[in-house]
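In this chain, residues are counted from 1 in sequence order. All ligand and atom numbering here is 1-based and tracks the order in the structure.
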Amino acid sequence: MITVVGSINLDLIANVDRLPGPGETLRSSGFSTSAGGKGANQALAAARAGGQTRMIGAVGRDGFASEALACLKEAKVDLTGVREAAAATGIALIFVDEKGENVIVVAPGANDTVLAGDLTKARFTEDEVVLLQHEIPLATIEATLSAVAAAGGTSVLNTAPFRAEAAKLLPEADFVIANETEFDLYADALQLVGDDRKSRMRDFAGRTGRTIIVTLGADGVIAATPEHELAVPALDVTPVDTVGAGDTFCGYFGAGLAAGLPLDEALRRAAAAGSLACLKKGAQPAIPHANEVDAALSKGNA
Ligand code: RIB
């Protein structure tokens with residue numbers, strides 16, 4: 001079982017030739033809406049990877065909620081832990097340029113009402129993998145990490161977006177997934193020692209006894225456990241839109257752990273899935289199904 005305690009958004013996406021500068025008004029070449037939110041994206045990725053998945057979170061009582069939950073419903077993610085809050089559904093305003101790069105501004109709305117009380121009915125178990133991100137209150141993340149540890153389950157903390165005050169939570173998770181920018185910022189905040197990123201990752205793993213995974217976009221993924229280091233490649237793709245690629249990686253990774261895959265295999269599948277997620281527009285519409293990941297891996301390009 002995979003449980004995601006996290007955010008649910010509706011993404012409002014404008015395509016632009018280039019990202020705007022301060023004070024600038026640009027014409028968009030296209031506009032779309034799609035279900036998003038780092039938590040919901042990771043839940044959908046875990047479900048599409050073949051995992052039995054449930055989501056704990058909140059949406060508003062408004063017109064955005066049903067579209068935000070539509071893909072999760074279709075994928076049969078258990079939504080009994082998703083509450084209707086007296087706040088607006090979370091919204092992400094996203095610009096995507098011609099190279100597939102993006103900028104995102106999130107209005108958290110109902111995601112800020114996801115509190116420790118929402119965990120009461122969760123009853124985590126020892127065979128459970130619980131995925132977390134930084135788009136809900138940090139106190140809720142802290143309470144979840146403690147509850148999962150007490151149950152003997154496995155926690156995976158995706159450190160996106162960067163929040164300086166979250167640094168103290170990283171050593172509490174069994175697996176930490178950061179992109180390179182986030183890891184470098186947390187390495188400073190945690191005063192990790194080393195001349196380069198890999199040695200700071202080793203320092204984190206050695207000091208905490210946890211596994212740190214750093215995603216490097218087109219350059220794949222590197223990881224350090226207390227015992228060893230690993231590197232897996234990304235697929236060789238030309239990105240159309242990278243929104244949700246990191247979430248796809250996290251969801252697939254969680255599903256791999258829940259299925260009992262060895263770490264290197266879970267990372268390899270997750271990296272391939274993240275690459276495939278760059279080939280279509282939008283976060284959730286772009287998340288590949290397990291058979292697509294199998295096909296890409298069997299072609300031998302990862
Ligand atoms: O990681 C991508 C997600 O970040 C988007 O779906 C958006 O909702 C923001 O939360």
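- The 12-atom threshold is not exceeded at CD of Glu126, counting heavy atoms of other residues, nucleotides or ligands nearer than 6.0 Å.
- Note on Val232 and Leu263: same hydrophobic cluster, where clusters join Ile, Leu, Val, Met, Phe, Trp and Tyr whose side-chain heavy atoms are under 4.5 Å apart, directly or indirectly.
- Side chain to side chain, Gln133 and Asn158 fail the donor-acceptor criterion of an N or O pair below 3.5 Å.
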Distances under 3.5 Å, N/O of ligand 1 against N/O of the protein: list each pair and its distance.
| unit_1 | atom_1 | unit_2 | atom_2 | d |
| --- | --- | --- | --- | --- |
| ligand 1 | 1 (O) | Lys38 | NZ | 2.8 |
| ligand 1 | 1 (O) | Asp247 | OD2 | 2.7 |
| ligand 1 | 4 (O) | Lys38 | NZ | 3.2 |
| ligand 1 | 6 (O) | Asp11 | OD1 | 3.4 |
| ligand 1 | 6 (O) | Asp11 | OD2 | 2.6 |
| ligand 1 | 6 (O) | Gly37 | N | 3.1 |
| ligand 1 | 6 (O) | Asn41 | ND2 | 3.0 |
| ligand 1 | 8 (O) | Asn9 | ND2 | 3.0 |
| ligand 1 | 8 (O) | Asp11 | OD1 | 2.6 |
| ligand 1 | 8 (O) | Gly37 | N | 2.9 |
| ligand 1 | 10 (O) | Asn9 | ND2 | 3.1 |
| ligand 1 | 10 (O) | Glu135 | OE1 | 3.0 |
| ligand 1 | 10 (O) | Glu135 | OE2 | 2.7 |

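- Taking 4.0 Å as the cut-off between side-chain N and carboxylate O, Arg163 and Glu165 count as a salt-bridged pair.
- Within the structure, the side-chain hydrogen bond (donor to acceptor under 3.5 Å, both in side chains) test picks out the following pairs touching residues 144-155 (sequence neighbours left out): Ser155-Asp174.
- Of the candidates Ile2, Ile8, Asp78, Val5, Met55 forms a side chain to side chain contact (heavy atoms under 4.5 Å, CB included) with just one, namely Ile8.
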